[in-house]
> 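The following block contains the structure, expressed as structure tokens.
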Amino acid sequence: MELQKPRGTRDFLFEEMKERKYVEGTLRGVFETYGYQEIKTPLFEDLSLFTLKSGEGIMEQIYHFKDKGGRDLALRPELTAPVARLYINQLQKVPKPIKMYYFGSCFRYERPQAGRFRQFWQLGCELIGGKSPDAEGEVIAMAAHSLEKIGLTDFEIHIGDLGIIRGILNQAQLEDQDQIMALIDKGDVEELKSCLERVETDQKYKDILLNLIGVQGHREVMEEVREILEDYPDASKSLQELERLLDVLESFGFSNYVVNLGIARGLDYYSGTVFEIYVHGLGAQKQISGGGTYNLIEVFGGEKVESTGFAFGFDRVMEALKQQKSTLPLAKTVEVFVAPVSPEMKFKSFEIADKLRKEGIATETDLAGRKFKKLLSHANNLGARYVVLVGARDLEQGHVTIKDMDSSLQEQVALEEVVNLLVSKIRR
RNA sequence: GCCGGGGUGGGGUAGGUGGUUAUCCUACGGGACUGUGGAUCCCGCGACUCGGGUUCGAAUCUCGGCCCCGGCCCCA
């Protein structure tokens, strides 16, 4: 094979595309019932859009190039920045809150792996100008409802708040906060411990920090955290906000969350509530979604406005469904096959196919000049539910024959009744 | 970028200590079968990832590239 697709990219064939379209359509449907409207931004942007917010890790993975005019451009590695750019360009004076969603591919130059590709799809949303914790709660509830709607069951939504840990770090007046946050995000407790040992500050801060990042559980863990944070006003305030968020979430009908104060997230622009969704069993790439509240718009020079968003790693959602062995309700490719019994019946077959298609019925007929016997076999392979047999003998009496491929029963039908009959059978 | 495992017709595979025409299943095209399918039989089509090395001879041994799979890093 001399022609190969680029490393880390995929071709999707018929069945897989059907599954992806089903999931995409279902998720869009959920987003739209929450009042989100779709937007679409360019596949490439000015490189500076992605360098401005200094996600250093992402910089190494960016596909960038110069166009013929010498402009530095980049294939988008993520979609939050383009959406923030769009907001600043066009939407600042639109009534708040603004609810937008998107579905599109992103590109990162990394080592392909299970659930990781160089071109991958994200389906996500941004809610700009809502007030915490109501907006955050609704966003997280929507994420949960989305997954329920596509039939995914074994996911976990972990919710944390960066304000709590930052509150401690600030009160401890620690330097190298970024490094510490990175270690927390990584979940590398040993490395974090040795890092903290090198830092000069009161031991009590270190203890609290190590204590906090281990906190994981349902509502009941809030009580102990509250005690731990008694003497730390900033962190306590964040904790109260987190509790209010849980109230909101429960009233929006989702209570199966996990409070996890060890979530930090890689991107620097997150500020308050953060959440991640995991599906265990996906291996190293178990995270199917991540999001939270961020201040990217301010970073880009817009007026400060509260924004919350998240994105599903669409490919990982598909992988999770596959692993869960879900059978998705997929549409048939072909409902009806119109089979000319002999070559002279070709035009009559085309006429019938045309009428069925204009009624919106997926119809196939013979374009390969197959013999009649092969046509039935072919119709069977296509999964057609009905075959219309168009033959000279029937036609002399103004009939055709409709064969039900499941039951093998067939009936003669007057030519002018065929379309109506099939429409009513299929729509039933 | 680093570490490990792989790459044989469209899909799935056998062969692997070097030696005739590279095995089988499936799919595909045709026929047995000129108005009845998913059965059977026959015929056909079609592959050793690419390049170098060792050798009389390489799918097989060896080196390198490319790609795939898994892990690290990072992330979705």
Side-chain angles (χ1 to χ4, degrees), chain A residues 1-11 13 15 55-62 76-80 103-124 143 182-183 185-188 191 263-268 275-279 282-292 309-320 337 339-345 368-396 399-410 412:
Chain A
M1 209 35 119
E2 60 286 347
L3 298 177
Q4 284 183 332
K5 59 182 163 40
R7 184 163 160 78
T9 63
R10 290 157 296 162
D11 293 319
L13 260 44
E15 280 309 299
E56 279 176 37
I58 279 186
M59 263 316 291
E60 295 168 10
Q61 302 172 346
I62 226 159
R76 61 191 185 196
E78 51 110 10
L79 274 155
T80 300
F103 177 67
S105 52
C106 301
F107 303 83
R108 291 185 200 172
Y109 188 88
E110 350 176 43
R111 184 81 171 71
Q113 221 178 104
R116 178 195 292 178
F117 306 95
R118 290 185 173 176
Q119 180 183 15
F120 60 97
W121 275 260
Q122 287 197 337
L123 194 154
L183 287 172
D185 182 34
K186 207 165 141 184
D188 190 340
E191 187 60 34
I263 299 179
R265 295 200 56 69
L267 300 170
D268 303 344
F275 68 100
E276 298 184 340
I277 306 178
Y278 309 117
V279 174
L282 283 188
Q285 271 64 242
K286 65 178 182 182
Q287 191 187 326
I288 63 167
S289 177
F310 78 98
F312 286 117
F314 190 76
D315 308 281
R316 291 184 184 176
V317 170
M318 294 309 300
E319 199 50 46
F337 191 90
V341 170
S342 58
E344 308 82 67
M345 296 296 108
R370 282 186 170 84
K371 299 207 167 123
F372 177 65
K373 184 134 182 162
K374 293 275 178 188
L375 285 180
L376 284 174
S377 177
H378 187 231
N380 184 51
N381 288 151
L382 289 174
R385 265 153 68 186
Y386 301 99
V387 173
V388 179
L389 287 76
V390 186
R393 281 202 315 249
D394 280 349
L395 213 52
E396 275 169 27
H399 291 153
V400 294
T401 298
I402 293 178
K403 184 180 180 77
D404 180 322
M405 294 297 272
D406 292 334
S407 64
S408 287
L409 297 176
Q410 52 189 55
Q412 282 199 324

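Heavy-atom basis, side chains included; hydrogens, waters and symmetry copies ignored. Sequence lines set the chain letters: A, B, ... in the order given, protein chains first and strands last, and positions in each chain run from 1.
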> Using atom CZ of A/Arg118 as one end and atom P of B/rC69 as the other, report the distance to the nearest whole Å.
11 Å
> For the P atoms, the ones on B/rG38 and on B/rA58, what distance do you get once it is rounded to whole angstrom?
46 Å
> Is there side-chain contact between A/Val387 and A/Leu376, with at least one heavy-atom pair below 4.5 Å?
yes
> Rounding to an integer number of Å, can you tell me how far A/Ile402 CD1 sits from B/rG35 P?
20 Å
> Between the base of B/rC74 and the side chain of A/Arg116, is there a donor and acceptor pair under 3.5 angstrom?
yes
> Tell me the interatomic distance from A/Lys374, atom NZ, to B/rA39, atom C1', rounded to whole angstroms.
13 Å
> Look at all strands and tell whether A/Thr401 reaches a base, only sugar-phosphate, or nothing, counting heavy atoms closer than 4.0 Å.
base
> For a quick check of understanding: with a heavy-atom distance under 4.0 Å over all strands, which category does A/Gly124 fall into, base, sugar-phosphate or nothing?
nothing
> Can you check the A/Arg385 CZ to B/rG37 C1' distance for me, whole Å?
17 Å
> Which part of the nucleic acid, if any, lies within reach of A/Lys5 when heavy atoms closer than 4.0 Å are counted: base, sugar-phosphate only, or nothing?
nothing
> Once hydrogens and angles are ignored, does a donor-acceptor distance under 3.5 Å link the base of B/rC68 to the side chain of A/Arg10?
no
> Show your working on side chain to side chain contact (heavy atoms under 4.5 Å, CB included) between A/Tyr278 and A/Ile288 and close with a plain yes or no.
CA-CA 6 Å; A/Tyr278 309 117; A/Ile288 63 167; over 6 Å; no
> Whole-Å distance between B/rC69 P and A/Glu319 CD?
10 Å
> Starting the side chain at C-beta, find the nucleotide from B/rG35, B/rC68, B/rG37 nearest to A/Phe372.
B/rG35
> A/Phe314 and ring-ring contact (aromatic ring centres under 6.0 Å, His included): which single residue from A/Phe117, A/Phe103, A/Phe120 fits?
A/Phe103
> On RNA chain B, does the nearest nucleotide to A/Lys286 precede the nearest nucleotide to A/Pro6 from the 5' side, or the other way round? Give the residue.
A/Pro6
> Any idea how A/Phe310 and A/Phe275 line up, ring-wise: parallel (<30°), tilted (30 to 60°), or perpendicular (>60°)?
tilted
> Categorize A/Tyr278 for me: base, sugar-phosphate, or nothing, with a 4.0 angstrom heavy-atom threshold over every strand shown.
nothing
> Among B/rG30, B/rG38, B/rA76, which nucleotide has an atom closest to any side-chain atom of A/Ser408?
B/rG38
> With no hydrogens and no angle check, do the side chains of A/Ser105 and A/Gln119 hold a donor and an acceptor under 3.5 Å apart?
yes
> Taking atom types as they are modelled, would you say the side chain of A/Arg111 forms a donor-acceptor pair with the base of B/rG70 within the 3.5 Å cutoff?
yes
> Salt bridge or not for A/Asp315 and A/Arg116, using N-O below 4.0 Å?
no
> Check this for me: does the side-chain of A/Glu276 come within 3.5 Å of the base of B/rA76 through a donor and an acceptor?
no
> Does a side-chain N or O of A/Lys373 approach OP1 or OP2 of B/rU34 to a distance below 4.0 Å, or not?
no
> Using the P atom on both, measure B/rC73 against B/rG57 and round to a whole Å.
48 Å
> Checking all strands, does A/Ile288 fall into the base, sugar-phosphate, or nothing category for heavy-atom contacts under 4.0 angstrom?
sugar-phosphate
> Report the distance from atom CG of A/Asp406 to atom P of B/rG37, rounded to the nearest whole Å.
16 Å
> Expressed in whole Å, how much space separates the C1' atoms belonging to B/rC72 and B/rC48?
33 Å
> Can you measure from NZ (A/Lys286) to CD1 (A/Ile277) and round to the nearest 0.5 angstrom?
13.5 Å
> Regarding B/rA76, can its base be found pairing with the side chain of A/Arg108 as donor and acceptor, where the two atoms are less than 3.5 Å apart?
yes
> Going by atom types only, do A/Asp404 and A/Gln410 share a side-chain donor-acceptor pair under 3.5 Å?
no
> Within the 4.0 Å heavy-atom criterion, would you say A/Gly8 contacts the bases, only the backbone, or no part of the nucleic acid?
sugar-phosphate
> So what does A/Asp315 touch, heavy atoms closer than 4.0 Å: a base, only the sugar-phosphate, or nothing?
nothing
> If you assign each of A/Tyr109 and A/Trp121 to its closest nucleotide in RNA chain B, which residue comes earlier from the 5' end?
A/Tyr109
> Reckon A/Ala379 touches a base, only the sugar-phosphate, or nothing at all at heavy-atom distances under 4.0 Å?
nothing
> Find the distance A/Arg316:CZ to B/rC75:P and express it as a whole number of Å.
11 Å
> Could you identify the nucleotide paired to B/rG1, looking across every strand shown and requiring Watson-Crick or G-U wobble geometry with both distances under 3.5 Å?
B/rC72
> Taking atom P in both B/rC50 and B/rA59, compute the distance separating them and give it to the nearest angstrom.
10 Å
> Classify A/Ala339 by what it touches in the nucleic acid, base, sugar-phosphate, or nothing, heavy-atom distance under 4.0 Å.
nothing
> C1' atom, B/rC24 versus B/rG15: distance in rounded Å?
11 Å
> So, A/Phe120 and B/rA76: ring centres less than 5.5 Å apart, planes less than 30° off, yes or no?
yes
> In whole Å, measure the gap between the P atoms of B/rG16 and B/rG6 for me.
16 Å
> Rounding to an integer number of angstrom, what distance separates B/rG35 and B/rA22 when you compare their C1' atoms?
44 Å
> If pairing requires Watson-Crick or G-U wobble contacts with both distances under 3.5 Å, which nucleotide is the partner of B/rG57?
none
> Could you give the distance separating B/rG64 and B/rU20 at their C1' atoms, to the nearest angstrom?
32 Å
> Can you tell me which nucleotide in B/rC67, B/rG37, B/rG30 comes closest to the side chain of A/Lys403?
B/rG37
> Without decimals, in angstroms, what is the distance between A/Gln410 CD and B/rG35 C1'?
9 Å
> Ignoring backbone atoms, establish whether A/Gln113 has a side-chain N or O less than 4.0 Å from OP1 or OP2 of B/rG71.
yes
> Cation-pi between A/Arg118 and A/Tyr109: NZ/CZ under 6.0 Å from ring centre and within 45° of the ring axis?
yes
> Quick one: look up who B/rG44 pairs with, Watson-Crick or G-U, both distances under 3.5 Å, and put none if it's unpaired.
B/rC28
